[in-house]
Amino acid sequence: MAIIITEETRIVVQGITGNQGRFHTGKMLEYGSKVVAGVSPGKGGTEVLGVPVFNTVQEAVKITGANTSILFIPAPFVLDAALEAMEAGIKTIVIISEHVPLHDALKIMRVAQAYGVTVVGPNTFGVISPGIAKVGIMPNTIYQKGPVGIVARSGTLSYQIAYELTRAGLGQSTVVGLGGDRVVGLSLAEVILSLARDDETQGIVVVGEIGGTAEEEAAEVIRHINKPVVAFIAGKTAPPGKRMGHAGAIIERGRGTYQSKIDALWNAGALIAEVPWEVPVLMKSALVK
Amino acid sequence: MKLFEYQVKKIMREFGILVPQGEVFFDLEQAKNHLEKVGEGVVKAQVLTGGRGKAGGVKIFSNPAEGFKLAEAILKMTIKGERVRAILIEEKIPIEQELYLSIFVDGRIKKPVIIASKAGGVDIEDVPEEEILKLPVDPLIGVRNYHGNIVAQKLGLSGDLGKQLTALLINLYRIFETYQAELVEINPLVISREKLIAADGKMTVDDDARFRWPGDLPFNEEKTPLEKRAEEIGVSFVELDGNIAVMANGAGITMATLDLIAYFGGRPKNFMDAGGGANAEQMAKALDLLISTNPRAILINIFGGITRCDEVAKAYLTVKQQREITVPVVIRLVGTNEDIGVKMLQEAGVESFSSLREAVIKAVELARVGGDN
C-alpha cells in the first residue's frame with residue numbers, strides 16, 4: 001500500500017511557474033505522478049506542461065480534486081502558501097523550500113496539527129513510492145519497487161543508499177525525506193511507525209545524521225516493532241559546535257553526537273551500517289532470517 | 001546568529017525589561033573616562049561563547065585604576081578561542097536571589113518552551129530536572145498573563161514581584177517573536193531591591209528570518225577568510241584540520257564523505273556542501289577555493305540529482321584550462337547526465353569513478369603519497 005504517497009495522490013504544485021516548480025513538475029509527470037494542478041497567483045488560466053494553472057489553491061482543489069501539495073515557493077512566502085493549502089483542504093503538504101524561518105515552521109506545524117494535515121519538510125527532497133508516484137525532487141532513475149522503506153534526514157545521502165539497495169536487488173516501498181531543518185513536520189519516529197504498519201514494507205532503513213535527538217526518539221519506537229531496521233548515521237567525524245550544512249546538523253553542548261545516536265539505535269535492536277554500502281548487506285541478511 | 005550581551009540588553013531595555021546600567025566599549029581609551037565617572041562596577045568580556053565567568057572574563061572593580069587594569073586585561077583576552085571584541089562596564093547591583101528564565105524553540109515538540117527555575121546563576125544543564133519548569137507555548141496563542149502566573153508560582157514569586165514576572169515574561173516573548181529568536185535567556189534573573197533585573201542576557205536569532213529583524217543587527221560571527229569566500233560563492237563550508245579537500249553535493253553525503261575518508265585512514269581538510277543545483281561557474285569557483293587551501297588531494301563526490309554531472313565535469317575542465325592543477329583530483333560522478341559528464345572527462349584525459357568506495361580509497365592513497373602533513 002506504501003505510505004504518504006499512494007494511488008490516490010493527486011498533486012497540486014504551488015509555485016509551478018518558477019524554474020524549480022516547472023522543472024520538477026516535468027520530472028514528476030515523467031515518473032507517472034498525477035500532477036493535476038498548479039498554483040501561481042496572477043497566472044490562472046494558463047498551463048505548464050499541460051497542467052492547468054490556478055490563481056488559488058482553493059480553486060485548484062475544487063476543480064481538480066487535488067489532495068496533496070508540493071511547495072516550490074521562496075522561503076519568506078512558504079507560511080502563507082502552506083496555510084492556504086491547509087485551509088483549502090489539502091491533507092498532505094511537501095515543503096521543498098530551504099531557509100524557511102523557524103517561527104514560520106512552528107506556525108505551520110501547529111496549524112497542521114489542528115487541521116489534521118501531514119507536513120513533510122521544510123528543506124526536504126520529498127517522498128517517493130517507487131512504481132506509484134513521487135512528490136519531490138529526487139532523481140527518477142535510482143529507485144525500484146520493493147520491500148524496503150527508507151526514511152532520511154538528508155537527500156543526496158539517501159539517493160546514495162537507495163542506489164546501493166537497488167543495485168543489490170532490494171527495491172523500496174516508500175522513501176521519505178524528513179528535511180534538514182530544526183523544526184520539520186513528520187518525525188523520524190512517526191515515519192518508522194508508519195512503515196512498520198505498512199504491509200508492503202518488510203525492512204526499514206534509517207539514514208540519520210548528527211544533531212538533535214530524532215534518532216534517539218526513533219530508538220524508542222524501533223524497540224517495539226518487529227521489522228528489521230538498518231541505520232546509517234552521517235557525521236561521525238564532524239567537529240562539535242559547527243553547523244554541517246543543515247540547520248539541524250550541529251553538535252551542541254555534547255548533545256546530538258554520532259555515538260549517542262548509534263548507542264540508542266543499537267540498544268533498540270537496529271543494525272548499524274558503518275559505511276553506506278553495508279546497508280544492503282545487513283538488510284539482506286536480516287530479511288532472510 | 002548569537003548576539004552579544006550588550007546587544008541583548010539594549011533590546012531588553014527597549015522592550016521594558018530592567019537591566020543594570022551599563023555601557024559598551026570597543027577600546028580602552030573610550031572606557032577610561034567612563035571608569036573615572038562611575039568609580040566602581042563590573043567589567044564583562046563580550047564574547048559569543050559561554051563560560052566566560054570561569055575563564056576570568058567578568059571582574060568587579062572598586063576604583064577607576066583597578067577598573068582600567070581589568071578592562072585592559074580583559075580586552076586582550078581570548079576565551080575558548082574567541083577574542084574579546086568589547087567590554088561592557090556595568091553598575092554592580094545588590095543581589096537578593098538569582099533565578100533562571102528562558103524561551104527557546106523545541107524542535108522535538110515543535111513549540112516554543114518557557115524554561116524557569118529558582119536555581120539561577122548556574123548552567124541550567126546542571127540543574128536537576130525536578131527544579132526546572134518546562135512550559136510549552138502555543139505559537140498561535142503566545143504568552144499571556146496565565147503563563148506568567150504559572151511561572152511566578154514555580155519561582156516562588158508573589159505580590160508585586162509576581163506581577164513584575166508576568167510583565168517581564170510577556171515582554172521576553174515579544175522580543176522572542178520580534179527578533180525571530182531561537183533562544184532568549186536571562187541567567188541570572190536577579191531580585192534586587194524588590195525589582196526583577198536581567199543581570200545577563202543571551203540570544204540566538206534565526207538567520208533565515210534576517211529580513212524581519214527590526215533595525216540593523218551587525219554580523220557578529222567572525223568568519224575566516226576562506227569561510228567568507230565560501231559564503232560569497234554560496235557553498236556551505238567548514239574548515240577542518242586534515243589534508244584531503246572535499247566537495248560534495250548535499251549536507252548528509254558531504255558528512256558521510258568525510259567519515260569515509262577517516263574510515264580509510266585519511267584526514268579531511270574541510271566540509272564543503274556545494275548544494276543542489278549548483279551551476280558550472282559556481283562549482284569552478286568552489287574548486288578554485290579548494291585548490292587555494294593547498295591540500296594533498298581533492299575528492300569531488302557528486303551524486304547528481306538536481307546537480308548535473310555534465311555541469312560538474314564542465315566546472316572541473318574550466319578550472320583545469322585556466323590554471324595548472326598540481327594537486328591530484330579524484331572525481332566520483334553518479335546520477336543525472338552521468339554518461340555525458342564521464343565522457344567529457346575521459347576526452348580530457350581525466351579519470352572518474354562511479355564507486356564511492358573506490359574513489360575515497362584512491363583519494364586517501366594519493367594524499368598519503370603526497371607527503372605526511
Side-chain angles (χ1 to χ4, degrees), chain A residues 20 23 75-76 98-107 109-111 113-114 125 137-139 141-142 152-160 163 180-185 187 207 209-210 212-214 217 232 234-239 242-249 253 258 274-277, chain B residues 49-50 105-108 110-112 123 125 138-140 176-177 180-182 206-212 236 238-242 248-263 267-268 271-273 275-277 301-307 334-336 355-357 360:
Chain A
Q20 293 276 334
F23 178 78
E98 256 187 279
H99 300 299
V100 173
L102 195 62
H103 284 229
D104 291 0
L106 289 174
K107 291 199 177 87
M109 302 320 158
R110 179 64 188 89
V111 175
Q113 187 192 25
F125 59 91
I137 59 171
M138 61 290 280
T141 51
I142 56 179
R153 271 165 71 181
S154 173
T156 324
L157 182 57
S158 83
Y159 305 164
Q160 172 71 36
Y163 170 81
D181 285 359
R182 292 195 164 209
V183 170
V184 293
S187 73
V207 184
E209 63 191 33
I210 52 149
T213 54
E217 285 149 33
F232 176 78
K236 188 177 185 179
T237 55
K242 293 280 182 186
R243 202 152 270 178
M244 306 300 273
H246 281 155
R253 311 184 116 178
Y258 177 82
E274 252 197 287
V275 290
W277 49 88
Chain B
T49 182
V105 173
D106 188 339
R108 197 177 51 83
K110 300 163 201 170
K111 284 189 175 121
D123 193 337
E125 308 278 316
D138 185 327
L140 301 181
F176 176 78
E177 279 209 302
Q180 303 270 302
E182 293 174 25
D206 176 14
D207 294 9
D208 289 333
R210 184 175 288 276
F211 63 96
R212 289 198 191 125
S236 180
V238 178
E239 280 181 77
L240 304 169
D241 58 6
N249 63 327
I253 203 157
T254 311
M255 277 190 269
T257 307
L258 307 184
D259 295 347
L260 286 171
I261 289 174
Y263 179 82
R267 290 182 301 126
F271 169 99
M272 184 193 272
D273 169 12
N301 178 21
I302 301 297
F303 201 110
I306 316 182
T307 308
V334 165
T336 311
S355 156
L356 175 56
R357 185 170 180 271
V360 175

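Just so we're on the same page: letters track the sequence lines, and every chain starts at 1.
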Roughly how far, to the nearest 0.5 Å, is CD1 of B:I302 from CG of B:L356?
-> 11.5 Å
Taking atom CD1 of A:I137 and atom OH of A:Y159, what is their separation to the nearest 0.5 Å?
->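 Result: 4.5 Å between the selected atoms.
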Flag side-chain contact, heavy atom, 4.5 Å: [X] against [Y]:
X: A:R110; Y: B:K111; value: yes
X: A:M244; Y: B:V238; value: yes
X: B:F176; Y: B:V105; value: yes

Sort [X] into side chain, backbone, both or neither according to what part of it lies under 4.5 angstrom from a heavy atom of chain B.
X: A:T141; answer: neither
X: A:F23; answer: neither
X: A:K236; answer: both
X: A:I142; answer: side chain
X: A:E209; answer: side chain

Please look at [X] and chain A and tell me whether the side chain, the backbone, both or neither of the residue comes under 4.5 angstrom of a heavy atom of that chain.
X: B:R212; result: side chain
X: B:L258; result: both
X: B:D206; result: side chain
X: B:L240; result: side chain
X: B:N301; result: neither

Looking at [options], which has the largest count of heavy-atom pairs under 4.5 Å with chain B?
options: A:V100, A:V183, A:L102, A:D104; result: A:L102
options: A:P101, A:A75, A:G245, A:S158; result: A:P101
options: A:P239, A:A114, A:G212, A:S154; result: A:S154
options: A:S187, A:G180, A:A249, A:P76; result: A:P76
options: A:R243, A:R153, A:M109, A:R182; result: A:R182

Against chain A, work out which of B:D207, B:D106, B:T254, B:D123 has the most heavy-atom pairs shorter than 4.5 Å and name it.
-> B:D123
Top contributor to chain A contacts, counting heavy-atom pairs under 4.5 Å, from B:P139, B:G107, B:A209, B:P268 = B:P139
Report the residues that fulfil ring pair (Phe, Tyr, Trp, His ring centres under 6.0 Å) with B:Y263, sequence neighbours left out, ordered by chain and then residue number.
->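 Scan of B:Y263 (ring pair (Phe, Tyr, Trp, His ring centres under 6.0 Å), adjacent residues dropped) gives none.
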Return the minimal non-hydrogen interatomic distance between [X] and [Y], and the atom names on each side.
X: B:D138; Y: B:L140; result: OD1-N, 2.8 Å
X: A:A234; Y: A:L157; result: CB-CD2, 3.7 Å
X: B:T336; Y: B:T307; result: CB-O, 3.9 Å

For B:E177, salt bridge (charged side-chain N to carboxylate O under 4.0 Å, His left out) partners two or more places apart =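 Here no residue qualifies.
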Give a yes or no on whether B:R357 atom CZ has more than 12 heavy-atom contacts from other residues, nucleotides or ligands under 6.0 Å away.
-> no
